[in-house]
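Only this structure's heavy atoms are used, side chains among them; waters, hydrogens and symmetry mates stay out. The first residue of the sequence shown is numbered 1, and numbering continues consecutively from there.
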Amino acid sequence: MSFDDIKTLLIDKFGPELVLGEERTGLQPALLIEPGRIAEVCLELRDNPKTYFDFLDCLSGIDYGSDARLFGVVYHLSSIPYHLQLTLKVSKENNRDESDLPSFPSIASVYRSADWHEREAFDLTGIFFEGHPDLRRILLPDDWEGYPLRKDYVAAEYYKGIRIDYPVQPNIPLEKVEYRLPVDQNSKYTTAFSAYQQKIANASVEDMILNMGPQHPSTHGVLRLELITDGEIVREMIPHMGYLHRCFEKHAESLTYQQTIPFTDRMDYLSSMTNAHTWVMGVEKMLGIDQDIPKRIEYIRVLVSELNRIGSHLIAIGTYGIDIGAFTPFLWCFRDREHIMGMLEWASGSRMLYNYIWVGGLFYDLPVGFEERCREFVDYFKPKMVELNGLLTNNQIFISRTANVGVLPMDVAINYGCSGPVLRASGLKYDLRRIDGYSVYPEIDFEIPVGKGIMGTVGDCWDRNKVRVDEIEQSLRIIEQCLDRLQKELKRTPDFDPRAKLPRKLTPKKQDFYMRAEGSKGELGFYFIHDNEKREIPFRAKARGPSFSNLSVVPEISKGVMIADLIAIIGSIDFVMGELDR
């Protein structure tokens with residue numbers, strides 16, 4: 001079904017006043033929807049068998065600036081059965097008074113993944129969503145003043161009496177910064193937080209309130225899980241983020257597209273190459289140079305990304321083993337990952353945060369001898385994976401701890417916006433390397449592993465771990481094919497310059513564009529808004545981290561489990577806080 005067909009279907013269903021207009025200036029057309037009816041539209045698009053937009057990729061809150069006096073929300077929807085994508089936009093004027101926030105209907109009742117995405121938009125942009133079940137701040141403290149992604153935001157000088165050294169003041173200030181004064185919030189916007197406090201107070205009378213993290217090793221970083229338990233049984237789990245906020249999207253508003261690449265590395269810092277690859281492909285598509293990239297560069301990008309994917313999965317498997325109580329697999333995984341770290345450091349000069357993939361090319365060509373050494377690693381590593389499977393994957397103790405635990409049905413995974421190994425473990429063969437066919441992946445032969453319930457139930461913790469194990473084997477196949485091409489028809493030549501296609505200025509046309517790719521954790525997306533053809537800086541750059549949506553499903557599949565099983569469930573998700581709390 002085409003864009004025009006979808007527009008006609010909606011007008012026939014809801015009337016001509018529903019669609020306020022359309023945008024066709026960029027690579028992805030968008031429908032402008034009457035704001036008060038966006039939930040009805042999403043429900044129709046999800047349930048209509050002709051469209052079946054069952055997946056919410058991304059939801060972005062937008063402040064269009066003080067002059068525009070306009071706020072909006074952009075929805076990127078996907079139809080998994082039909083391989084379709086659709087962009088919807090709603091907007092309304094607002095006087096920027098924090099006692100009267102711009103308000104739109106919540107679509108959390110249509111897509112459960114919208115729950116956290118709307119909370120993030122509320123937290124950072126100050127957009128209120130009517131009908132949301134729990135509209136509290138999600139990344140920043142509940143008593144934070146202001147909304148950091150608003151264009152007129154000025155950081156507070158003090159937080160709880162502690163001076164915040166931002167912006168850094170020179171010894172002789174050249175310009176006086178006017179800090180905002182605290183304002184009394186409308187009680188409407190604090191109702192959800194009051195309800196949460198009351199729920200915790202009521203639960204503490206009969207049940208136990210336990211905090212797991214942020215220091216707990218099984219939370220894999222700075223994440224706090226608030227548990228309401230009846231003895232050892234988890235009645236409810238409430239995740240609290242906000243301990244590692246990297247301000248990525250705020251940085252992106254003041255840096256050029258090329259300068260932002262090192263910041264993408266710091267999101268999923270275990271899979272930095274994939275982050276940069278996704279960002280760069282989006283910028284190249286907006287510039288219209290994506291078809292001009294030499295094949296050798298494309299194959300090198302895929303090669304280093306797949307090496308990084310293996311390294312990320314090795315950490316996931318190794319730390320999962322140690323969560324369950326198996327120490328030796330952890331050491332084996334880190335031993336083998338060290339070879340990958342050494343090769344990527346050899347290529348880029350950095351150990352974890354590479355800044356290797358640039359817009360239009362690469363920082364440098366592969367070092368002489370890299371391909372040979374990489375092939376030696378593949379030959380060395382294949383039997384090591386067989387040993388690892390025997391030690392951990394097929395270990396009866398590991399199976400007993402993970403099989404039939406944390407079962408995630410396919411429909412629930414889709415509705416919560418899960419992607420990557422978490423979604424594929426539920427039985428759905430959905431991989432963006434195949435679906436979107438970006439870079440040179442269409443030229444490469446590989447399989448897409450899915451959960452089969454071999455040891456328990458499809459979508460359980462064991463399946464999620466097994467999918468990552470199988471993906472490592474497929475990444476090795478991809479690497480071998482890349483090496484074949486790089487050592488034969490695409491082999492290095494003295495005159496090859498990996499920077500030859502680098503644009504002198506990165507100034508796309510006015511447009512907005514959502515670029516997605518298959519990261520090691522799932523769908524990694526960047527939504528760009530470029531509004532000035534003379535500037536190299538985006539007006540807005542939203543990052544969609546797969547860990548964010550994947551973690552949101554954990555409270556749903558953790559009800560009624562033992563605390564020990566909760567550890568197994570959390571570890572099976574394989575989230576990284578750098579991209580979750582970006």
Side-chain angles (χ1 to χ4, degrees), residues 58-63 98 115-127 134-168 179-180 192-193 196 211-216 219-226 238-255 259-272 275 279 352-353 519 521 524-527 538 540-552 554 573 575-582:
C58 187
L59 184 154
S60 308
I62 311 294
D63 174 8
E98 291 188 17
D115 184 337
W116 280 21
H117 285 276
E118 288 178 346
R119 285 180 63 188
E120 182 185 6
F122 167 70
D123 188 5
L124 302 181
T125 319
I127 294 175
D134 185 23
L135 195 61
R136 295 177 290 120
R137 288 189 184 268
I138 191 168
L139 301 180
L140 298 174
D142 292 288
D143 58 352
W144 192 267
E145 297 173 6
Y147 305 98
L149 287 185
R150 286 198 173 188
K151 297 298 182 181
D152 58 351
Y153 177 75
V154 178
E157 188 175 6
Y158 291 89
Y159 176 64
K160 293 189 174 180
I162 302 173
R163 182 175 178 82
I164 303 172
D165 291 324
Y166 178 83
V168 177
Y179 291 99
R180 62 191 307 281
F193 180 63
Y196 155 74
N211 282 297
M212 180 183 294
Q215 78 290 346
H216 194 288
T219 57
H220 293 203
V222 283
L223 170 70
R224 179 167 73 97
L225 305 176
E226 194 170 21
I238 306 170
H240 295 276
M241 284 70 72
Y243 289 93
L244 195 70
H245 198 52
R246 295 186 175 276
C247 308
F248 170 82
E249 294 169 23
K250 198 68 175 178
H251 282 305
E253 292 178 2
S254 57
L255 299 170
Q259 290 172 333
T260 306
I261 294 173
F263 291 88
T264 66
D265 289 344
R266 288 158 173 79
M267 291 173 52
D268 180 1
Y269 40 79
L270 302 180
S271 187
S272 302
N275 301 349
W279 176 272
M352 283 187 67
L353 309 173
K521 313 292 185 295
L524 172 64
F526 292 108
Y527 174 51
R540 176 84 161 90
K542 163 69 186 291
R544 191 265 192 207
S547 293
F548 189 73
S549 294
N550 289 350
L551 185 63
S552 71
V554 174
I573 299 299
F575 55 85
V576 167
M577 290 300 294
E579 70 169 13
L580 190 145
D581 188 17
R582 63 211 167 278

Might you point out which heavy atoms bring P239 and W116 nearest each other, and give the distance in Å?
-> CG-CZ2, 3.8 Å
Rounded to the nearest 0.5 Å, what separation is found between the NE2 atom of H245 and the CG atom of L140?
-> 5.0 Å
Ignoring hydrogens and angles, tell me if any N or O in the side chain of K521 forms a donor-acceptor pair with the backbone of V576 under 3.5 Å.
-> no
Nearest heavy-atom pair of L524 and P546: which atoms, and what distance?
-> CA-CD, 4.0 Å
For R137, check salt bridge (Lys or Arg N to Asp or Glu O under 4.0 Å) against everything at least two apart and list the hits.
-> D123
Hey, are the side chains of M241 and L223 touching, using non-hydrogen atoms and a 4.5 Å cut-off?
-> yes
Below 4.5 Å, heavy atoms only, C-beta onward: do V554 and I573 meet side chain to side chain?
-> yes
Taking R540 for the side chain and G61 for the main chain, is one N or O donor matched with an acceptor at less than 3.5 Å?
-> yes
According to the interplanar angle, ranging from 0 to 90°, do the rings of F526 and F248 count as parallel (below 30°), tilted (30 to 60°) or perpendicular (above 60°)?
-> tilted
Would a distance-only check, ignoring hydrogens and angles, find a side-chain to backbone donor-acceptor pair under 3.5 Å from R150 to T125?
-> yes
Pairing of R136 and D134 as salt bridge, 4.0 angstrom limit | yes
From H251 NE2 over to T260 OG1, what is the distance, rounded to the nearest 0.5 angstrom?
-> 9.5 Å
Taking the side chain as C-beta and beyond, is there a heavy-atom pair between Y147 and L124 under 4.5 Å?
-> no
Heavy-atom closest pair, residues D63 and K151 = OD2-N, 2.7 Å
Polar side-chain atom of E249 near backbone of A543 as donor-acceptor pair, under 3.5 Å | yes
The reported gap from CG in L244 to CD in E579 (rounded to nearest 0.5 angstrom) is 11.5 Å
Mind running side chain to side chain contact (heavy atoms under 4.5 Å, CB included) on L149 and E253 for me, showing each step along the way?
-> CA-CA 9 Å; L149 287 185; E253 292 178 2; 4.2 Å; yes
For the residue pair W279 and M267, establish whether any side-chain heavy-atom pair is separated by less than 4.5 Å.
-> no
With sequence neighbours excluded, tell me which residues meet salt bridge (Lys or Arg N to Asp or Glu O under 4.0 Å) with R224.
-> none
Which value, rounded to the nearest 0.5 Å, describes the distance between L551 atom CG and L225 atom CG?
-> 7.5 Å
So how far is it from D142 CG to Y196 OH, rounded to the nearest 0.5 Å?
-> 7.5 Å
Nearest non-hydrogen partners of L59 and E118, listed with the distance | CD1-CG, 3.8 Å
Here the pair of heavy atoms bringing L255 nearest to F263 is CD1-CE1, 3.3 Å
Is a side-chain N or O of S272 found less than 3.5 angstrom from the main chain of D265, in a donor-acceptor match?
-> yes
Kindly indicate whether the side chain of R582, heavy atoms from C-beta on, has any atom under 4.5 Å from the side chain of E120.
-> yes
At what distance, to the nearest 0.5 angstrom, does SG of C58 lie from NZ of K542?
-> 4.0 Å
Report yes if some heavy atom in the side chain of R544 is under 4.5 Å from a heavy atom in the side chain of S549; otherwise report no.
-> yes
State whether the side chain of D268 and the backbone N or O of N275 hold a donor-acceptor pair below 3.5 Å, judged by distance alone.
-> no
